[in-house]
Amino acid sequence: MALELSTVGVRRTQNGGSRGRNGFRVITNNFAITLDKASVFYHYDEIEPVQTVRRNFQVIERLQLKHSDKFNPRGAYDGRKNLYMSHHFGDHFTEDDVFGNEERQSNNPISVRLVCVNTINSSVLDYYLSGQTNITPDGINYLTAMNIVTRMGAIMKFGRAADGSATSNSKSIYLHRDSVDIGGGLEAWRGYRPSVRPGFGCLYLNLGVTVGVVYQAGDLISLCLQWLKAERGAHHVNVADLAHLDTPTFGKLNKFLRHLKVITNHRKSAPNAIHKLTQKNADSYTFEKDGQLVSISQYYSTTYGKRLRYPNLPCVVFARDIVLPLELLDVVPGQLLQKSKGVKPDQTRKMMDFAKQNPDVRLRNVKNGFSELNFEDNDYTRNSKISIDPRIHSTEAHMLQAPRLQYRNSRVDPLEGKWNVTKQTLFGPKTVRAWGAAIFDGSRPAEVADFMRALARDMAALGMTVPTKDAPITSFAPEGDTPKNLFDFARAVSNNWHLGEAPDLIICVLPERADAVRNDIKRFGDIAHGIATQIVVGRKMKDNMRRDRPGNQYNNNVALKINSKLGGENWVAHADSVALLKRAPTLVMGADVSHPAPGSTGPSVAAVVCSVSGPCTQYTAECRVQDAREETIIDLAEMVKTLIYRTPQSWGPNIKQILFFRDGLSEGQFDAVMGYERDAIKASLMEIYRGSPPKLTYIVVGKRHHMRMFPENPRHGDKSGNCKSGTVVDTEVCNPYMQDYYLLSHAGLLGTSRPSHYSVLHDENGLSAEQLQSTSYALCHIYARATRSVSIPAPVYYADKVASRFAFHFAEQGDLEVDSTMSEEQKTEHFKSRFKAIHQKNLTRMYWM
């Protein structure tokens, strides 16, 4: 398991951005590592056979105990194919039967073959940590070894707890004592994710606080009942329900239980993994014994004198066709749910709520975790001559100045990432000529009419032009033919306002959970007819009207979305705040790829947005279907050409520089993905601009990392206890060679804020750290539907939203279903043939708002 680090990237030309009088220190969740120059790792590979991570750890642990003369001190193992030793015991080693006859869990002996493939010492990092060269393959291998060694002591102490008090995978340790029930037979366990990261001049142990999803221990029937309760959204289920599952539900339960390890409760047994359920119950499942057919119920009655309480329930099938009744099985504690099985939205919400910790609590958790997991003094780190400072690390930071925002007749200076739109005139307000409201939640038309009048009042206060007379309002059944109903209603709205074309806007009032109706509405407006639709939730609308007053926040937020969808600009960053964007005609692009949910057969969808105005506040979008879980944007060259050709003729041909912000890449994907995408962009630019194409800067914006920062001095924090919006860390704990920085661009709300990690992988524009950071921060303030700065630049946010709406591009839900026997190429062609393009009217409008 190689560490995810990149060997590409723009070299630092300075040690971070400008300090001035804004320099201060923040605490990070890092601990400094000191390496002995004599630290050497011997890398053994080709460990076979590869089984589950948990079983692999058991195999290697038993191997090292069995041959303690060779494995002394013991090596650190990654759970898969890599073993790192602090001493050399030969180039080859083979053990044909690790456990022997008495300890085997099966008749098949487990053999292990080790081959020494490399010898590496800490000197391979010297030039990299000093910033003189980028990291080498040997350097990545050494850091991989460091990660495994530093985790090994904690994993061996906590990760294999037989009593279920803790569990682990190859990267994280989870503790049962800090857990919560999230329903459906699952629990969320809080834990720690240690990783070794390079910094300026040294390595750091980063200790992230993480959450894992674990099966509830106990009897298997109870687990099945909890799962069924969540599946049906029911308050109560009983055991009899398990005997009468329909085929789809039975299949889902089968998937949920597959590979789960259980033990028998009527006699002692080793854990065994469930292969599948059988729809035959204990009364009807028969087998031959002593020349006669007997049922499972009869077998347990005659052999063990045990009468089954639930003989009508499905049975469980194990390897070698062993079949046991549900009621005789207990779940082995501490088993992590496989990611491929996924969790339900309400379980995700509960897990996210549990994961949130205020900064002071999280910081205390990090400190306690470091002590409890004993990173600085265990056999593995000691034998590898690694010393970890137990004092949590503070690093230098500085504060960016918030961009000044320009409205039509005024300017606003955000304070700690927030500002107020009340009493402002939007920079580019639009006109609504014809509009109406369609009710799908049973709200009374009079209630909706009151809301429409209040909304029109507040839209007008922001500078938009809205009809003064009441808009038409009609109610529809949510289970009706929504596309036809909306088509007829749109025609009636146009006639009401004597408009010879489709109306500008339809407000749709929905219940809180109405995915099918929402999909139909967006497909109707975005894809089929080019009519802006704005969904409001009936309950929230009514709550808002109970405390209605001019310029209330709810109405203003709805108005901001509507103005953006109609092609308006809500505000722009003042020219003084975005000097980089003003020095030459600039295009800003954002890109992301969304992937299907675990277990889904759907496609991945790539989305790219591109600015179409000088202030870089209006964007056009293009999205394409591609192979499932393909992270590289395969059609990027064509997408970039399409987007640039949509820019105004007064603007597009004169572009001199392009800032391309890419979301969703892990560091291990930088090399391959950036290389392909950079070349694709440059090829399209050469085709469009011939001899003098715009210069390209390619920046990855990452959120899936575990770096956190905490104010060392309370005056550098906000009311939530987080660091203030605009805090930047770009030294010490950052990449020693590549230009990167951590920017906390949003104000804290709940829990501990996560900064975004910006990595500059390609830069033809020669941008300084100050230019990159200030421009990134400014772009976080132009997200058009929020009067607060967001965590990532607006174009990246927009690309994410466009990609997540891919289901609207398919006419029927069945278009997203494919035969599992189809090849990946066939599946992709199926999706491409059914993918419907966005309506022509929406090509240069931000319809996704």
Side-chain angles (χ1 to χ4, degrees), residues 49-62 77 79-80 98-99 102-110 155-156 158-176 179 181-182 184-189 191 212-228 242 250-278 296 313-343 598-599:
V50 176
Q51 304 184 52
T52 65
V53 169
R54 180 180 287 268
R55 183 59 171 159
N56 285 342
F57 270 112
Q58 292 172 348
V59 170
I60 297 303
E61 183 178 13
R62 182 68 186 90
Y77 178 52
R80 292 181 174 85
V98 173
F99 289 99
E102 295 182 2
E103 296 182 83
R104 265 192 230 133
Q105 293 182 7
S106 69
N107 293 327
N108 299 321
I110 293 177
I155 287 176
M156 296 309 295
F158 290 98
R160 310 293 150 204
D163 61 356
S165 61
T167 190
S168 70
N169 54 27
S170 61
K171 293 183 178 180
S172 301
I173 301 99
Y174 304 97
L175 305 177
H176 184 218
S179 62
D181 186 345
I182 61 172
L186 299 174
E187 298 171 339
W189 291 20
V213 181
V214 180
Y215 286 95
Q216 285 183 344
D219 67 275
L220 186 57
I221 287 181
S222 294
L223 179 73
C224 292
L225 289 174
Q226 290 300 315
W227 177 88
L228 185 60
L242 293 174
F250 184 86
K252 291 178 183 178
L253 178 58
N254 204 11
K255 178 181 177 181
F256 178 72
L257 296 179
R258 185 170 172 80
H259 302 309
L260 181 67
K261 287 191 175 180
V262 293
I263 56 174
T264 56
N265 53 34
H266 67 291
R267 63 186 181 89
K268 186 177 180 180
S269 70
N272 273 299
I274 292 175
H275 177 57
K276 65 178 180 178
L277 295 179
T278 174
I296 290 179
L313 295 187
C315 292
V316 179
V317 181
F318 297 89
R320 300 190 303 279
D321 292 329
I322 296 172
V323 181
L324 294 174
L326 272 178
E327 65 184 87
L328 298 186
L329 300 171
D330 289 341
V331 178
V332 174
Q335 295 184 74
L336 288 161
L337 181 77
Q338 294 169 299
K339 285 186 178 180
S340 61
K341 295 184 178 181
V343 294

Compare every heavy atom of [Y] with every heavy atom of [X], then report the nearest pair and how far apart it is.
X	Y	answer
Val59	Val98	O-CG1, 3.6 Å
Leu277	Asn254	N-OD1, 2.8 Å
Gly164	Pro333	CA-CB, 3.7 Å
Pro271	Val332	CB-CG2, 3.9 Å

Tell me, please, which residues at least two apart from [X] pass side-chain hydrogen bond (donor to acceptor under 3.5 Å, both in side chains).
X	value
Tyr215	Lys341
Asp330	Asn265
Trp189	Glu187
Gln216	Asp181

(request) Would you indicate whether the side-chain heavy atoms of Arg258 and Gln338 approach each other to under 4.5 Å? (result)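 A side-chain contact is absent here, since even the closest heavy-atom pair is not under 4.5 Å.
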
With [X] via side chain to side chain contact (heavy atoms under 4.5 Å, CB included) - residues at least two apart:
X	value
Ser165	Ala161, Asp163
Lys255	none
Thr264	His266, Arg267, Ser269, Leu324, Leu329

(message) Taking ring-ring contact (aromatic ring centres under 6.0 Å, His included) as the definition, give me every residue that meets it alongside Tyr77, ordered by chain and number, with sequence neighbours left out.
(response)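 Partners of Tyr77 under the ring-ring contact (aromatic ring centres under 6.0 Å, His included) test: Phe57.
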
